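Take a look at the structure below.
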Amino acid sequence: MEKTYNPEQIEAKYRALWEDKNLFSSDANSTSENAYSIMLPPPNVTGSLHMGHAFQHTIMDVLTRYHRGKGDQTLWQPGTDHAGIATQMVVERQLAAQDITRHDVGREKFIEKIWDWKEQSGGTITSQMRRLGSSVDWEKERFTMDEGLSAAVNKVFVQLHEEGLIYRGKRLVNWDPVLQSAISDLEVVAQEENGFMHHVKYPFVDGDGFMEIATTRPETILADGALAVDPSDERYKDVVGKWVHVPMTNRTIPIITDEYVDMAFGTGCVKITPAHDFNDWEVGKRHKMEVINLLTPDAKMNANAPKEYQGLDRFVARKQIIKDLDNAGLLVKIEPHKLTPPRGDRSGAILEPYLTDQWFVKIAPLAKPAIDAVKNGDIRFIPENWNKTYFNWMDNIQDWCISRQIWWGHRIPAWYDEQGNIFVANSEAEAQAQAGEGVKLTQDNDVLDTWFSSALWPFSTLGWPEKTPDLSRFYPTDVLVTGFDIIFFWVARMIMFGLKFAGDVPFKDIYITGLIRDGQGQKMSKSKGNVLDPIDLIDGITLEDLLEKRTQGMMQPKMAKKIKKQTQQEFADGIPAFGTDALRFTFAALASFGRDIKFDLKRVEGYRNFCNKLWNASRFVLMKLEGESINPKADLSTADQWILSRLQNTKKNVEKHLTDYRLDLMSQELYEFVWHDYCDWYLELSKPLLQDEATKAGTQATLIKVLNEITTLLHPIIPFITEEIFEQCNTITGKDNTSLMTQSYPQVDETLVSTESEAEIIWLQTFILGIRKIRGEMNIPPSKPLSCFVQNFNESDELHLNNNANILSALAKMQEINKLAPSDEAPESAMALVGEMKILIPLAGLIDKDQEIARLSKEIEKLDKQKMQFEGKLNNEKFVSGAPEAIVNVERERLASTLNAIADLNAQLDKISSL
RNA sequence: GGGCGAUUAGCUCAGUUGGUAGAGCGUCGCCCUUACAAGGCGAAUGUCACAAGUUCAAGUCUUGUAUCGCCCA
């Protein structure tokens, strides 16, 4: 083995090997009793994996590899999403660069172009996943627009329509004038911006005077249907029922009352514009108001507006009308005002409430069972508190607008005859059959919201509506791993559709992960220039390349300077190559239940170091075993029994943490066992034990046994390096195993738990630590041999001393240990305690007297503080009588041993001081 | 306005039925000890945001306050 861990070569080797040998296949193990399945949340087919994906993939892969190791028939289902609007916008932008629109190209050609783009860029994600070692079943890879999945979409649509749960209706929707499509409520983002409030006069039709109202959108005055006041508003009691002129038009409208009006806001009188505001739409319906739409699909003033405004963009029209109002003396004032205009999450354009025909899912009947599934525990959110968020939304859920006026996606399976009759069917032929022969049909132009097909993902990928073996074996899936940002978009809808169509919940657990942020806690985004590509952490990247990557194709070139500066500061030397395993270990270690995760490169470095540690430990073991035959039945030393006992404890904890989805605790457990128990102590203990023929064989057997289990335990987190070590171990043990992947996950062996050996090693560690501490504080090099006296030892101390003389010599460089009778006078010494036993290291030229006095005083001071704590508790009558006896006894013992130690140290201090 | 979350060592974070506050990184010493300097050994560092309450006992449970963040309207 190489002296230094080199991830690059190892990873390339096993990436190929795993797939060649088909080790990710879900068909393997088909006779096993249990099945385990996870659906990969399908990423956008033309996108690339960001840190959040890599994080979630790591979690899913750990779970997948673990269950594979447990012998379950395991499926991790991969695939990608067509991501309707996002993908279409990319291709439209490409066209725009050539100064053409999708309408110039035509629907069919345009869709072809998108498919081309999908083919061209669709490989990015899958190749990134391979780099990460994601062990998905590639043979089962699906795309949301595959034939089978599209058929499932149609079937669901048709059935929901038949049941009256999908309907078409003219309603106000959120209209994106840039996309020229409706979008769902969820795709609307609101952010506070600075705007203006315009106060406008509406003259009375009869008599003098006017009503004053305030509006942020004066251009919609032209479509007003009424003015409204609160029914109980005394100020306007006399004017209710009167009529006013709508400024800039010839129309007149009434003054009405409605509870919706907020008396305290503005003048207490509002204009009602049913076609251009969601609230006003409801008021308008109550009062049977005329609905006037002023806008074209691209948000210009249409023919319903007075001539002089027609054709103007909505914002130009606003300016114009303000000017005209002012000229007409109807503008009272304009004040700055904070407002939150709705914007499209894709286009960023300000949205318009817009009156169009759209398809909707009537959601309440579907939501009810989905709420119950979480309430009755069929589905569990992890961490649990997310179910509050879920209920909060589900209890107030609105009908879902599913039609989009774009071209990329599943075309709505509805056809119209020339009279406008609708035929919803699985295919055109079926629709034709419904309509009758010879009737000319045209298909609905719209496509479905991308999330409609995503909602079917857990069963459509398994072959639904066919009753496939995969479907019966793997549905419901075991866990969904995803971010909180798509609980509403995706998770809730999968639950609703899964229950409705697949007859069961789509998953039993929902593991909601935190969000990966940059080192400053900022959300990673392209425009902020703080994104990290997981592959760059694996392969490393120079500062120059990173700068280039972060600043190319910027929407705002101004930002480039700032981003450059930031990047230069944070990554002055670029990013070193850490390897996939180090990155995966980092993600696993960060996977606690918090909401946000600040990603710290230093952590990756630390886990890369861990890999190196593991690598070198393996080298050590292999060097010590080379050319030797291993006897698994050899007698075991106390150290051997100890490490095996610790190993059982580790396995127990790992198992628990995994079932709790606490991958952070799992990785921490393994980190500590490997580094601190196995490397720091056991490998050091093994050195003298290997020198001794009596203990050599047992030590060799234990070294390799524990190493083998370590690699198997760590494999789900760091598959590459463990696979390489496993292979190297095979050459030593002469075994010929295909892969670590096919090894079964280690089980706890209770017979190996040994409290005696653990107690003895703790004794040994205390002894060695005591010596090291004196060495450390006295600046005595660890290489300098020492001798010591022991005094005040009991039988078991004596036994341990006799057993471990050569270990103490090796690990503490303790040449001679001389026993003193209690009455013997010890020479001037530095002292450490192991329980009641005193270890005395003669000062004799080695140790400075004052230093030892200071050291002892410090120790005593520390113990004194503890003593006071224990005494305080025990002197409290209420504690002694109120607390459980066991607890009180523990405190008593603690106090007793602290008092003993203080007494010993004080005696020693007095003795040295007096010399 | 409604809901959720966070506040623990210089930094990033663990802390599972309440029972002596932990890790990694960083810092300071001493060591190139034949697996590993991407390392070893040792050390220092905390009114657990604040206030009140429950309890023999609160980082942990309850209530309130402050600051920060997210979601929804």
Side-chain angles (χ1 to χ4, degrees), chain A residues 1 3-5 185-186 188-190 278 340 383 385-393 396 484-485 487-488 514-515 517 519 521 523 576 578-579 582 586 589-590 592-624 653 656-657 660 662 664-665 667-668 671-672 675-676 679-680 683-684 686-687 703 768-769 771-784 810-813 855 858 865-870 872-874 876-884 886-888 890-891 894-895 898:
Chain A
M1 284 174 90
K3 187 173 172 185
T4 301
Y5 160 60
D185 298 343
L186 287 175
V188 180
V189 288
F278 288 100
T340 47
N385 50 285
W386 285 109
N387 57 17
K388 286 185 189 161
T389 309
Y390 174 78
F391 291 137
N392 211 328
W393 188 66
N396 300 297
F484 55 81
D485 47 335
I487 289 181
F488 307 142
L515 191 75
R517 295 170 175 275
K523 204 165 165 174
F578 291 119
T586 310
L590 290 174
S592 66
F593 284 171
R595 287 208 167 186
D596 295 329
I597 294 160
K598 280 186 216 169
F599 194 84
D600 182 2
L601 265 194
K602 280 285 179 193
R603 288 293 286 266
V604 194
E605 191 180 333
Y607 294 119
R608 191 273 318 265
N609 294 353
F610 174 80
C611 290
N612 186 52
K613 187 83 182 171
L614 178 63
W615 182 261
N616 280 292
S618 310
R619 275 181 61 222
F620 171 80
V621 173
L622 294 172
M623 279 162 66
K624 296 295 179 191
N653 291 335
K656 182 186 182 311
H657 295 322
D660 292 345
R662 289 302 302 266
D664 58 329
L665 299 180
S667 26
Q668 196 189 335
Y671 182 99
E672 277 171 13
W675 199 309
H676 297 128
C679 293
D680 285 350
L683 293 193
E684 293 307 322
S686 78
K687 288 173 186 174
L703 278 170
I768 294 168
L769 255 27
I771 306 291
R772 280 180 186 164
K773 197 165 174 174
I774 291 171
R775 281 183 189 274
E777 291 182 26
M778 303 293 168
N779 287 347
I780 303 170
S783 50
K784 186 169 183 67
L811 270 64
K813 270 276 173 334
R855 197 183 70 87
K858 202 173 69 180
K865 270 188 200 154
Q866 288 185 13
K867 186 192 80 170
M868 305 234 289
Q869 261 183 356
F870 302 141
K873 270 192 181 178
L874 287 163
N876 183 348
E877 182 55 35
K878 285 179 184 165
F879 171 72
V880 180
S881 57
I887 297 286
V888 178
V890 167
E891 292 296 318
R894 281 173 183 160
L895 179 61
T898 307

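The structure presented is a predicted model; accordingly, all values stated were derived computationally and were not measured. Just so you know, these numbers use all the heavy atoms, side chains as well, and skip hydrogens, waters and symmetry mates. Throughout, a chain's letter reflects where its sequence line sits, starting with A, and its residues are numbered from 1.
- When distances run from any side-chain atom of A:E672 to the nucleotides B:rC70, B:rA23, B:rA43, the shortest one goes to B:rA23.
- On the C1' atoms, B:rG24 is 15 Å away from B:rA38, given to the nearest whole Å.
- Taking atom C1' on both nucleotides, B:rG46 is separated from B:rG10 by 12 Å, rounded to a whole Å.
- Other residues, nucleotides and ligands contribute only 12 or fewer heavy atoms inside 6.0 Å of the NZ atom of A:K624.
- The side chain of A:M623 lies closest to B:rA35, out of B:rA35, B:rC56, B:rA44.
- Of the side-chain N and O atoms in A:W675, one or more sit less than 4.0 angstrom from OP1 or OP2 of B:rG40.
- Among the nucleotides B:rC70, B:rG24, B:rA35, the one closest to any side-chain atom of A:E684 is B:rA35.
- Residue contacts shown for A:T389 are absent, as no nucleic acid heavy atom lies under 4.0 Å away.
- Nearest nucleotide to the A:H676 side chain, out of B:rU20, B:rC56, B:rG24: B:rG24.
- Spacing of C1' atoms, B:rA35 relative to B:rC68, comes out at 47 Å, to the nearest Å.
- The base of B:rC4 has none of its N or O atoms less than 3.5 Å from a complementary donor or acceptor on the side chain of A:K388.
- A:L683 and A:A617 make their closest contact through CD1-CB, 3.7 Å (heavy atoms, listed as atom of the first residue, atom of the second, distance).
- Taking for each of A:K3 and A:I887 the nucleotide of RNA chain B with the nearest heavy atom, the 5'-most of the two is the partner of A:I887.
- Note on A:K523: every side-chain N or O is 4.0 Å or more away from OP1 and OP2 of B:rG69.
- With values rounded to the nearest 0.5 angstrom, A:I780 atom CD1 is found 14.0 Å from A:K813 atom NZ.
- Which of B:rA14, B:rA38, B:rC56 sits closest to the side chain of A:R608 comes down to B:rA38.
- Listed nucleotides B:rC56, B:rA35, B:rA44 differ in distance to A:R619; the shortest reach to its side chain belongs to B:rA35.
- Remark: A:R662 is in phosphate contact with B:rG15, judged by side-chain N or O atoms under 4.0 Å from OP1 or OP2.
- Look at A:K773 and you won't find any side-chain N or O under 4.0 angstrom from OP1 or OP2 of B:rC30.
- Where A:A589 and A:P884 meet RNA chain B, the nucleotide closest to each residue was compared, and A:A589 sits on the side nearer the 5' end.
- Regarding contacts with the backbone of B:rA35, a side-chain N or O of A:K687 is found under 4.0 angstrom from either OP1 or OP2.
- Rounded to a whole angstrom, the distance from the C1' atom of B:rU65 to that of B:rU7 is 14 Å.
- The gap from the C1' atom of B:rA9 to that of B:rC4 amounts to 28 Å, rounded to the nearest Å.
- A:R775 comes within 4.0 angstrom of no nucleic acid atom, judged by non-hydrogen atoms across all strands.
- In this structure, A:N396 contributes its side chain and A:N392 its backbone to a donor-acceptor pair below 3.5 Å.
- Side chain of A:L683, nearest nucleotide from B:rU12, B:rU16, B:rA35: B:rA35.
- Taking only side-chain atoms of A:T4, from C-beta outward, the nucleotide of B:rC41, B:rC72, B:rA38 with the closest atom is B:rA38.
- Comparing the same atom, P, in B:rC36 and in B:rG19 gives a spacing of 43 Å after rounding to whole Å.
- Taking the side chain of A:N385 as heavy atoms from C-beta on, and the options B:rA35, B:rU20, B:rC4, the nearest nucleotide is B:rC4.
- Both cation-pi conditions hold for A:R662 and A:F593: the charged atom is under 6.0 angstrom from the six-membered ring centre and inside a 45 degree cone around its axis.
- Contact between the side-chain N/O atoms of A:N616 and the OP1/OP2 oxygens of B:rG39 is not found at any separation under 4.0 Å.
- Within 4.0 Å (heavy atoms only), A:L769 reaches sugar-phosphate atoms of the nucleic acid but no base atom.
- In this structure, the side chain of A:R775 engages the main chain of A:A812 through a donor-acceptor pair within 3.5 Å.
- Heavy atoms of A:F599 sit nowhere under 4.0 angstrom from any nucleic acid atom.
- Nucleotides B:rG5 and B:rU63 are separated by 12 Å at their P atoms, to the nearest Å.
- Closest contact between the side chain of A:D600 and the listed nucleotides B:rU20, B:rU12, B:rA43 involves B:rU12.
- The residue A:F870 sits close to a base: some heavy atom pair falls under 4.0 Å.
- Of the C1' atoms belonging to B:rG18 and B:rG53, the separation is 15 Å, rounded to the nearest Å.
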